[in-house]
S.K.: 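Got a structure for you, questions after.
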Amino acid sequence: MPFYVSPEQIMKDKADYARKGIARGRSVVVLQYDGGILFVADNPSRALHKISEIYDRIAYAAVGKYNEFETLRLAGVRYADVNGYQYDRGDVTARGLANAYAQTLGTIFTDSSKPYEVELVVAEAGEDADSDQIYRLTFDGSVRDEHGYVAMGGQVEAVEQALKDRFEEGLSLSAALRAAVQSLEAQEADRRLEAKALEVAVLDRSREHRLFRRLPAPRIEELLAEES
C-alpha cells in the first residue's frame, strides 16, 4: 500500500539520524590563542586523526563517522591543491573551502537517503587574531562563522559551556590548552584526560609557509604542567 511522508518529516528524520550519529563520538574543541589557533580532540588513536592540515594556513577538525569525514578531508586537500596550482597559493582560503564543503554536505543531505554523520571546523590563521577565520559546518551544509572558540561532537552543550567559562582573548598556548582539556573533561563527571588520550595540533602563525604542526604527548604534558 503506497503511503505519503511529508518533505518536512523526511528532513527532520534525516537531521535526527545525523545528530544521533554525531552525538555518539567524543568532542573536539578549536580556540584561538595568542600565537594562532589550537585544535584539541579527545582521541587516543595515533593513526585515525580527527585534526588535519589542509593547506599552508588552513586546517580542519571533524567529529562523527570516520570514513565520511576522511572522504571530505581528501576532497578538501584536492580542492586546495588544484586552486593553489591554477591560481595562487594565497587564493586558497578557509572561506572558499567552507563554501565547497557546504555545497557538498547540502547536496548529500538533500539528495541522499542517508546524510553524512559529521560536523567540521575549517580554520585559517591570519596575520593576527582579528584576521583569523573559523567556520563550523553541520551535516546539512549550514555554515557558521565562529569567533574565539567552538566545540562539537558528543556532550557538546557541556563542553561548550565549560569552554565559554574558561576562554579569554589572548590566552597563551599553555593556558588555552588547559582550558580546552578541562572543557573536554566536562563530557563526563570525574573524567581526567591524559596527554596520550589527546590529539593536539596548532596553526602557529610564527612559522613560515606551512603553519600546521602536531604536538606530541611529551610537549602536551609540558604545556599542561606550565599552566598548573
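In what follows, every heavy atom counts, from backbone to side chain, and hydrogens, waters and symmetry copies are set aside. Numbers for residues simply follow the sequence, beginning at 1.
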S.K.: Is the CD atom of Gln9 crowded by more than 12 outside heavy atoms at less than 6.0 Å?
M.R.: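 Correct, the count exceeds 12.
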S.K.: Would you say Tyr135's side chain and Val121's backbone share a donor-acceptor pair under 3.5 angstrom?
M.R.: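 Checked: no pair found.
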S.K.: If we ignore hydrogens and angles and just use 3.5 Å, is the side chain of Glu124 paired with the main-chain N or O of Thr93 as donor and acceptor?
M.R.: no
S.K.: Start with the C-alpha distance between Lys50 and Glu70, add both sets of side-chain angles, then the distance that settles salt bridge (charged side-chain N to carboxylate O under 4.0 Å, His left out), and finish with yes or no.
M.R.: CA-CA 9 Å; Lys50 294 183 175 181; Glu70 178 65 6; over 6 Å; no
S.K.: Provide the closest heavy-atom pair for Tyr66 versus His49 in the form atom of the first, atom of the second, distance.
M.R.: CE1-O, 3.8 Å
S.K.: Between Arg24 and Lys65, is there a side-chain heavy-atom distance shorter than 4.5 Å?
M.R.: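 No. Closest side-chain heavy atoms not under 4.5 Å.
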S.K.: Just do the side-chain contact (heavy atoms from CB on, under 4.5 Å) check on Ile134 and Asp145 with the steps written out, would you?
M.R.: CA-CA 6 Å; Ile134 302 175; Asp145 182 11; 5.7 Å; no
S.K.: Hey, what do you get for CD (Gln86) to CG (Asp91), rounding to the nearest 0.5 Å?
M.R.: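 Interatomic distance, Gln86 CD to Asp91 CG, rounded to 0.5 Å: 11.0 Å.
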S.K.: Is the closest side-chain heavy-atom distance between Leu120 and Leu72 below 4.5 Å?
M.R.: yes
S.K.: Where the side chain of Asp132 meets the backbone of Gly126, is there a donor-acceptor pair that is under 3.5 Å apart?
M.R.: yes
S.K.: Would you mind reporting whether Val200 and Leu177 have side-chain heavy atoms less than 4.5 Å apart?
M.R.: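 They are in contact (side-chain heavy atoms under 4.5 Å apart), so the answer is yes.
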S.K.: Under 4.5 Å between any side-chain heavy atoms of Ser172 and Tyr33, yes or no?
M.R.: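 Answer no - side chains too far apart.
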S.K.: Taking all atoms of both residues into account, what is the closest heavy-atom pair of Gly141 and Ala102, and its distance?
M.R.: O-CB, 3.3 Å
S.K.: Going by an N to O cut-off under 4.0 Å, is there a salt bridge joining Asp16 and Lys20?
M.R.: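 No, no charged N to carboxylate O under 4.0 Å.
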S.K.: Looking at CZ of Arg219 and CG of Leu173, how far apart are the two atoms once the value is rounded to the nearest 0.5 Å?
M.R.: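 If we round to the nearest 0.5 Å, Arg219:CZ and Leu173:CG are 6.5 Å apart.
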S.K.: Taking the side chain as every heavy atom from C-beta outward, state whether Asp140 and Leu105 have any atom pair closer than 4.5 Å.
M.R.: no
S.K.: Got Glu199 and Phe39 here, is their nearest side-chain heavy-atom distance under 4.5 Å?
M.R.: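 Heavy-atom side-chain distance check fails, nothing below 4.5 Å.
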S.K.: When you measure from the side chain of Gln187 to the backbone N and O of Ser27, does any donor-acceptor pair fall under 3.5 Å?
M.R.: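 The answer is yes, because a donor-acceptor pair under 3.5 Å joins these two groups.
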S.K.: Would you name the heavy atoms of Phe212 and Arg207 that are closest together and state the gap between them?
M.R.: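 So the two residues come closest at O-NH2, 4.1 Å.
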S.K.: Just wondering, more than 12 heavy atoms not from Lys114 lying within 6.0 Å of its NZ?
M.R.: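 Yes, the 6.0 Å shell around NZ holds more than 12 heavy atoms from other groups.
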S.K.: OH of Tyr116 to CZ of Phe69: how many Å apart, nearest 0.5 Å?
M.R.: 12.5 Å
S.K.: May I ask you to check whether Arg166 and Gln182 show a side-chain donor-acceptor distance below 3.5 Å?
M.R.: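 Yes, side-chain donor-acceptor contact under 3.5 Å.
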S.K.: Between the main-chain N or O of Glu226 and the side-chain N or O of Arg178, is there a donor-acceptor pair closer than 3.5 Å?
M.R.: no
S.K.: Is the Phe109-Phe139 ring centre distance short of 6.0 angstrom?
M.R.: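 Yes, they do, as the ring centres are separated by less than 6.0 Å.
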S.K.: Val92 and Gly84: which non-hydrogen atoms are nearest, and at how many Å?
M.R.: CG2-N, 3.5 Å
S.K.: Determine the minimum heavy-atom distance between Leu184 and Val28, stating which atoms define it.
M.R.: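 So the two residues come closest at CD2-N, 4.3 Å.
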S.K.: For Ser112, does its backbone N or O pair with a side-chain atom of Lys14 as donor and acceptor, under 3.5 Å?
M.R.: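 A pair under 3.5 Å: yes.
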S.K.: Short question: side chain of Arg213, backbone of Leu211 - any donor-acceptor pair under 3.5 Å?
M.R.: no
S.K.: Has Glu117 got a side-chain atom pairing as donor or acceptor with Ile22's backbone, closer than 3.5 angstrom?
M.R.: no
S.K.: When you compare the side chains of Asn43 and Ser45, does any donor N or O come within less than 3.5 Å of an acceptor on the partner?
M.R.: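 Side chains of Asn43 and Ser45: no pair found under 3.5 Å.
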S.K.: How close do His147 and Gln32 get, counting heavy atoms only, and between which atoms?
M.R.: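 Closest pair (atom of His147, atom of Gln32, distance): C-OE1, 4.4 Å.
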S.K.: May I ask you to check whether over 12 heavy atoms, not counting those of Arg214, lie within 6.0 Å of atom CZ?
M.R.: yes
S.K.: Is Asp81 salt-bridged to Arg78, going by a charged N under 4.0 Å from an acidic O?
M.R.: no
S.K.: Please check: side-chain N/O of Arg136 versus main-chain N/O of Arg144, any donor-acceptor pairing under 3.5 Å?
M.R.: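 Between the backbone of Arg144 and the side chain of Arg136 there is no qualifying donor-acceptor contact (under 3.5 Å).
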S.K.: With a 4.5 Å heavy-atom cut-off, do Ile58 and Val122 have their side chains touching?
M.R.: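 With C-beta onward as the side chain, the pair touches.
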S.K.: Could you tell me whether the side chain of Thr110 and the main chain of Gly106 form a donor-acceptor pair under 3.5 Å?
M.R.: yes
S.K.: List the atom pairs, with distances to 0.1 Å, where a side-chain N or O of residues 149-164 and a protein N or O form a donor-acceptor pair under 3.5 Å, not counting sequence neighbours.
M.R.:
| from | atom 1 | to | atom 2 | distance (Å) |
| --- | --- | --- | --- | --- |
| Gln161 | NE2 | Asp165 | OD1 | 3.0 |

S.K.: How about Asp56 and Arg89: do any of their side-chain heavy atoms sit closer than 4.5 Å?
M.R.: yes
